Amino acid sequence: MASNTATMGNLPSGTAVCTTIPDILYIPELIFGGLVWILVACTYVVPHNPQAWVMFVSIFCFTMTFIWLFIFACGTHNNRGNWAAADFVYHGIAAMLYLSASVHLAKVTLDMNNPQTATDSKNYKLDISAVVFSYTATLLYFVHTILSAIRWKSF
C-alpha cells in the first residue's frame, strides 16, 4: 500500500520544497536575510563602512539560499544522501556566519547610541531593526541546520 506522505529521508523537489520541513524555512530565510541586507545598506555609519562583514554575509547567504532553493525546486539532487549532507553543511556554515555578523552588527549599533556623539535617530532605528532581523535569520538558519541534520541521518 503506497502512502503519499513524505518521510524525513526524502529530499523534496518542485513545489514540495515550499511544503516540507525543513525546506519550508527557505522562504523566511530569504525574507529576513533580504531585510538585513536592505536595512544595513540604508544606513550611514562613521567610521566608513564597519558593517562590510554584515553586508557580505547577508548578500552571500541570500544568494546561496536562493540558489539552493532553485536546485531543490528543480530536483537536480536526485534524492541522494550527499545532497542532504551538503544541505546540513551549508546551513550550519550560514548559521555561524550570520551569528558572527549579528554580533558585529549589534556592537556597531550599541556604539551608535553613545550620548556623547550626535547620532542620527533614523540610522540608529534602522540598525536596531537590522539587528533584530539578523538574529531572526540566525535562528532560522540554526533551526534549518538541526532539521537538516536529522534528515541527513535518516538517509
Side-chain angles (χ1 to χ4, degrees), residues 6 8 11-77 83-153:
M8 202 58 178
L11 294 174
S13 60
T15 58
V17 171
C18 295
T19 60
T20 58
I21 293 179
D23 304 304
I24 197 168
L25 295 174
Y26 282 126
I27 303 301
E29 288 167 358
L30 287 171
I31 291 170
F32 284 104
L35 286 171
V36 171
W37 176 12
I38 292 167
L39 289 169
V40 171
C42 289
T43 62
Y44 176 75
V45 179
V46 175
H48 300 294
N49 204 12
Q51 296 174 333
W53 177 245
V54 180
M55 285 296 290
F56 168 76
V57 169
S58 61
I59 292 171
F60 173 77
C61 288
F62 183 87
T63 305
M64 290 303 296
T65 300
F66 184 77
I67 291 169
W68 207 249
L69 174 65
F70 187 74
I71 288 170
F72 270 60
C74 290
T76 57
H77 53 70
W83 282 96
D87 186 43
F88 162 66
V89 169
Y90 164 69
H91 282 91
I93 291 170
M96 287 188 293
L97 288 174
Y98 251 111
L99 181 61
S100 69
S102 298
V103 170
H104 181 73
L105 184 59
K107 170 74 170 100
V108 168
T109 303
L110 285 174
D111 290 345
M112 284 179 63
N113 195 22
N114 188 355
Q116 296 170 344
T117 61
T119 60
D120 183 15
S121 176
K122 178 184 169 192
N123 284 335
Y124 181 67
K125 290 175 184 175
L126 288 172
D127 269 350
I128 287 176
S129 299
V131 168
V132 170
F133 292 138
S134 182
Y135 277 109
T136 304
T138 302
L139 179 65
L140 287 168
Y141 278 106
F142 182 71
V143 169
H144 200 143
T145 301
I146 292 170
L147 295 174
S148 293
I150 293 169
R151 179 172 58 192
W152 172 47
K153 289 297 182 181

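This structure is a prediction, so every number in the text was calculated from the model and none was measured. We count residues from 1, following the sequence as given.
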When rounded to the nearest 0.5 angstrom, what distance separates [atom1] in [X] from [atom2] in [Y]?
| X | Y | atom1 | atom2 | result |
| --- | --- | --- | --- | --- |
| N123 | I128 | CG | CD1 | 11.5 Å |
| I93 | M64 | CD1 | CE | 9.5 Å |
| W53 | L97 | CH2 | CG | 5.0 Å |
| T109 | H104 | OG1 | NE2 | 9.5 Å |
| L105 | L39 | CG | CG | 9.5 Å |
| L30 | L140 | CG | CG | 10.5 Å |

Y98 and Y141 aromatic ring geometry - parallel, tilted or perpendicular at 30°/60° bounds: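 Ring orientation of Y141 relative to Y98: parallel.
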
Parallel, tilted or perpendicular, as decided by the 30° and 60° cut-offs, for the rings of F66 and F70: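 Rings of F70 and F66: parallel, as their planes differ by under 30°.
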
Verdict with reasoning, I27 to L69, per side chain to side chain contact (heavy atoms under 4.5 Å, CB included): CA-CA 9 Å; I27 303 301; L69 174 65; 4.1 Å; yes

Under 3.5 Å, side chain of [X] to main-chain N/O of [Y], donor-acceptor pair present?
| X | Y | value |
| --- | --- | --- |
| S102 | S134 | yes |
| H77 | P12 | yes |
| T145 | G92 | yes |
| H91 | D87 | yes |
| T65 | F62 | no |

Identified side-chain contact (heavy atoms from CB on, under 4.5 Å) partner of D23 from the options L147, L11, V17: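 Of the listed options, the one satisfying the test is V17.
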
Residue that, paired with W83, satisfies ring-ring contact (aromatic ring centres under 6.0 Å, His included) out of Y90, W152, W68: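 The passing option is W68.
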
The single option from W37, F133, Y26 passing ring-ring contact (aromatic ring centres under 6.0 Å, His included) against F32: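 Testing each of W37, F133, Y26 against F32, the sole residue satisfying ring-ring contact (aromatic ring centres under 6.0 Å, His included) is F133.
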
Working for side chain to side chain contact (heavy atoms under 4.5 Å, CB included), residues D127 and Q51: CA-CA 10 Å; D127 269 350; Q51 296 174 333; 3.3 Å; yes

Indicate the atoms forming the closest heavy-atom contact of [X] with [Y], along with that distance.
| X | Y | answer |
| --- | --- | --- |
| C42 | L126 | CB-CD1, 4.0 Å |
| I21 | I24 | CG1-CG2, 4.4 Å |
| V36 | S58 | CG1-CB, 4.0 Å |

